[in-house]
Amino acid sequence: MHRYRTHNCGELRDGQIGQTVKLSGWINSVRDHGGILFIDLRDHYGLTQIVIDPAQPFYKGVEHWRVESTICFVGKVVARIPEAVNPKLATGAIEVVAEEMEVLGESLVIPFQVAKDEDCNEALRLEYRFLDLRRQSLHKNIVLRSKVIARMRELMTAKGFMEIQTPILTSSSPEGARDYLVPSRIHPGKFYALPQAPQQFKQLLMTSGFDRYFQIAPCFRDEDARADRSPGEFYQLDMEMAFATQDDVFAVNEEVLHAIFSEFSDKMIDNTPFVRIPFREAIEKYGSDKPDLRNPLIMQDATELFRDCDFKAFAGVVASGGAVKTIAAKGCAGQPRKFFDDMIKFAQSVGSKGLGYLRWIDGEVQSPIAKFLSAETLNQLKELGGVGDGDVMFFIADQKKEATEIGGAVRTELGKRLELIDANVFKFCWIVDFPMYELDDEGKVAFSHNPFSMPQGGMDTLLNKDPLDILAFQYDIVCNGTELSSGAVRNHSPELMIKAFDIAGYGKSVVESKFPALYRAFQYGAPPHAGIAPGVDRIIMLLADQPNIREVIAFPMNQKAQDLLMGAPGNVEPNQLRDLHLQVKLPKKAEQPTESPA
RNA sequence: GGGGGUGUAGCUCAAUUGGUUAGAGCGCCAGCCUGUCACGCUGGAGGUUACGGGUUCAAGUCCCGCCACUCUCGCCA
């Protein structure tokens with residue numbers, strides 16, 4: 001007989017009745033009836049009920065039977081009497097009558113319940129992550145994560161992609177997020193950087209002749225956390241394809257994402273190809289470059305209709321070059337006054353001066369602003385919004401950028417409050433045609449996204465078009481309002497690179513010195529190539545229907561980028577600093593080194 | 001760095017307008033119980049109301065500060 005077990009806790013059925021078995025696992029719960037005692041023994045695979053007769057000598061070891069201790073039982077599998085069969089358990093038809101017991105690992109009193117699904121302070125969960133991970137919901141998420149990643153590898157490999165590891169210790173790249181740095185012992189004063197993504201390596205692999213690359217790639221960015229953004233590190237299904245167009249990348253990703261989402265979720269998923277929305281249209285209609293298409297509301301432009309109206313608040317905004325955005329919401333004219341007041345408050349909370357609205361009730365328009373509008377204007381608005389009795393149109397007037405942003409926020413809020421969002425579907429879209437450049441805070445032309453993206457139209461557009469009108473072969477994939485990834489057709493031409501950087505104010509020497517590897521590689525026969533890198537954690541978050549990304553990461557850091565279980569970041573020994581030629585100069589506020597967490 | 005929320009027993013929460021000894025469920029400890037499966041029953045222990053000030057006859061409750069966690073803006077090419 002095996003040292004610890006002949007079966008796991010999820011596999012015994014009536015077929016094993018009569019056999020003597022050995023099981024090891026955690027004590028999930030104890031039910032002591034005095035004359036008979038039941039233990040639910042739990043492992044990764046399931047629960048099995050152990051029955052203990054008080055006559056057994058080990059019955060007296062009761063102090064060792066605290067829940068979450070690990071115990072090994074030898075016993076006989078018996079059928080439960082019909083009334084005692086538990087249909088909720090896979091092993092509910094049988095139980096194991098204990099004949100021998102061995103405590104393998106005792107547990108202290110646990111700080112929060114493992115067997116019961118109750119809320120618990122997250123800091124405590126992180127500190128005792130090993131216990132939290134035993135709990136069903138989190139355990140299940142990590143299992144899902146493992147299966148999804150395994151399936152991603154299968155799908156990618158089947159499509160001819162090769163998984164290739166790229167360095168974790170690399171050089172700092174000049175643009176993008178803040179880097180995590182690692183000091184060099186051998187080169188005093190020099191630093192490695194952890195990669196924010198294997199971007200340059202995968203492009204180098206393309207120039208190295210590997211036709212299709214992928215990697216479940218760790219990425220490190222020293223930026224602040226969000227619900228869908230874990231600080232420190234995250235994973236991407238990173239991929240790159242040689243001699244490929246934007247459509248080739250879309251086709252591969254539509255197949256892979258459709259397969260993953262349909263195999264690992266019961267929700268309805270869009271058929272491929274996924275809808276494609278140009279960036280500018282997304283901003284106009286949804287006020288966002290990551291619209292949640294489950295929300296049926298769209299924004300429209302009503303600027304011209306208010307230009308000459310008597311409603312001075314709006315006409316004034318239009319006269320000063322602003323815009324009026326409108327959202328038509330069907331069937332909500334009957335909402336109580338409070339609904340509209342709350343929407344106005346919401347609009348103000350996101351920076352709006354107000355929120356106008358027109359309600360069509362019983363063939364009449366009801367609104368504080370209706371009296372300022374001519375019958376003709378009202379009809380035109382009605383036509384624009386496609387509205388009728390029982391419907392409402394909301395209006396935001398502001399400078400164009402603000403009106404669009406506020407309108408986007410109002411659209412999302414209306415979708416929530418009117419319960420327009422179907423929680424049982426996944427709606428995908430590609431956002432395409434991102435602008436290559438935008439104006440930065442100082443009004444200078446700057447790359448708006450990836451400086452390595454290929455401008456649409458090539459050298460001709462770079463030379464002849466207004467930089468702000470140049471589009472890039474740059475795209476995002478969005479699911480239910482979550483941005484899963486950005487990607488691009490890359491700029492593989494040294495001449496185009498130099499020109500593209502020139503427009504953003506960087507000379508040739510900058511390209512040569514900041515991106516020496518790519519620049520050099522592209523002068524030795526680079527294949528046109530394109531890629532993308534969907535975020536693995538976010539995909540699993542969506543599949544597992546979790547509200548924050550820490551629920552799908554085994555050992556996440558908290559919002560302040562601390563690992564409360566391991567105590568990272570922590571202090572190090574003076575000799576370690578000496579080896580690295582480092583001297584710590586603390587900010588004034590923290591005279592003492594901060595205590596390590598946990 | 002800015003804004004919002006939360007912080008009361010090991011855990012989840014309650015405590016009327018500022019007013020008696022800060023309560024409940026779960027957990028823990030002790031006892032009882034032969035068919036439970038979130039077993040049940042009886043009893044018990046457990047509190048610097050995050051922390052530090054202030055107002056008041058009186059503060060969990062009001063004010064100021066501060067810390068922690070979280071959501072968010074900035075940030076994330």
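By convention in this document, chain letters (A, B, ...) are assigned in the order of the sequence lines, proteins followed by strands, and residues within each chain are numbered from 1.
Checked options A:Gln474, A:Arg280, A:Gln456; the residue passing with A:Asp433 is A:Gln456 (criterion: side chain to side chain donor-acceptor pair (under 3.5 Å)).
Residue-nucleotide stacking is present for A:His33 and B:rC39, judged by a side-chain ring centre under 5.5 Å from the six-membered base ring centre and planes under 30° apart. Under the stacking criterion of a centre-to-centre distance below 5.5 angstrom and an interplanar angle below 30°, A:Phe38 sits stacked against the six-membered ring of B:rU36.
Among the atoms of the strands shown, only primed sugar atoms or phosphate atoms (P, OP1, OP2) are found under 4.0 Å from some heavy atom of A:Leu124. In this structure, A:Asn558 reaches the sugar-phosphate backbone alone: every heavy-atom distance under 4.0 Å involves primed, P, OP1 or OP2 atoms, never a base. The residue A:Ala84 sits close to a base: some heavy atom pair falls under 4.0 Å. Looking at heavy-atom distances under 4.0 Å, A:Glu83 makes no contact with the nucleic acid at all. Note on A:Glu405: nothing from the nucleic acid sits closer than 4.0 angstrom, heavy atoms only. Within the 4.0 angstrom heavy-atom criterion, only backbone atoms of the sugar-phosphate kind lie near A:Asn121; the bases stay farther away. Residue-level contact check: A:Pro451 touches the bases, meaning some heavy atom is under 4.0 Å from a base atom.
For A:Lys116 and B:rU12, the shortest distance from a side-chain N or O to OP1 or OP2 is not below 4.0 Å. Between A:Gln562 and the phosphate of B:rA68, there is no side-chain N or O to OP1/OP2 separation shorter than 4.0 Å. Here A:Arg31 does not reach the OP1 or OP2 of B:rU34: none of its side-chain N or O atoms lies under 4.0 Å away. One finds a side-chain N or O of A:Arg550 lying less than 4.0 angstrom from the OP1 or OP2 phosphate oxygen of B:rC71. One finds a side-chain N or O of A:Lys560 lying less than 4.0 angstrom from the OP1 or OP2 phosphate oxygen of B:rA68.
We find that A:Arg520 and A:Glu512 are not joined by a salt bridge, their nearest charged nitrogen and carboxylate oxygen being 4.0 Å or further apart.
Using cut-offs of 30° and 60° for the angle between ring planes, the A:Trp430 and A:Tyr475 rings count as perpendicular. Between A:Tyr506 and A:Phe447, the ring planes are parallel. Angles under 30° get that label, and only those over 60° would be called perpendicular.
With both pairing distances under 3.5 Å, B:rG44 is matched to B:rC28 as a Watson-Crick or G-U wobble pair. With both pairing distances under 3.5 Å, B:rC57 is matched to B:rG19 as a Watson-Crick or G-U wobble pair. If you check B:rU6 for Watson-Crick or wobble pairing at under 3.5 angstrom, you find it paired to B:rA68.
A donor N or O paired with an acceptor N or O is found under 3.5 Å between the base of B:rC75 and the side-chain atoms of A:Arg229. Residue-to-nucleotide contacts include a donor-acceptor pair under 3.5 Å from the side chain of A:Arg226 to the base of B:rG74. Under 3.5 Å, the side chain of A:Arg80 and the base of B:rC37 form at least one donor-acceptor pair of N or O atoms.
Annotation: side chain of A:Phe191 is not in contact with side chain of A:Asp179 (no heavy-atom distance under 4.5 Å). Contact check for A:Gln196 versus A:Phe220: no side-chain heavy atoms found under the 4.5 Å cut-off.
One C1' atom belongs to B:rU49, the other to B:rG60, and the distance between them is 5 Å to the nearest Å. When the C1' atom is used for both B:rC26 and B:rA38, the distance is 10 Å, rounded to whole Å. The gap from the C1' atom of B:rA14 to that of B:rA22 amounts to 10 Å, rounded to the nearest Å. Spacing of P atoms, B:rC63 relative to B:rU21, comes out at 25 Å, to the nearest Å. Going from the P atom of B:rC57 to that of B:rG52 covers 23 Å, rounded to whole Å. For the C1' atom pair drawn from B:rG46 and B:rA9, the interatomic distance equals 6 Å after rounding to whole Å. Annotation: B:rG23 and B:rG65 have their C1' atoms spaced 30 Å apart (nearest Å). Between B:rC28 and B:rG19, the two C1' atoms lie 33 Å apart (nearest whole Å).
Residues A:Asn450 and A:Gly35 each lie close to RNA chain B; by heavy-atom proximity, the contact nearer the 5' end of the strand is made by A:Gly35. Each of A:Pro547 and A:Gln113 was matched to the nucleotide of RNA chain B holding its nearest heavy atom; the match closer to the 5' end belongs to A:Gln113.
Distances from the side chain of A:Glu223 to the nucleotides B:rC75, B:rU70, B:rC69 place B:rC75 closest. Candidate nucleotides B:rG35, B:rC26, B:rC33 were compared by shortest atom distance to the side chain of A:Asp32, and B:rC33 ranks first. Comparing B:rG35, B:rC39, B:rC71 by their closest approach to the side chain of A:Asn548 singles out B:rC71.
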_Working for side-chain contact (heavy atoms from CB on, under 4.5 Å), residues A:Val30 and A:Leu37_ = CA-CA 7 Å; A:Val30 180; A:Leu37 187 148; 4.2 Å; yes
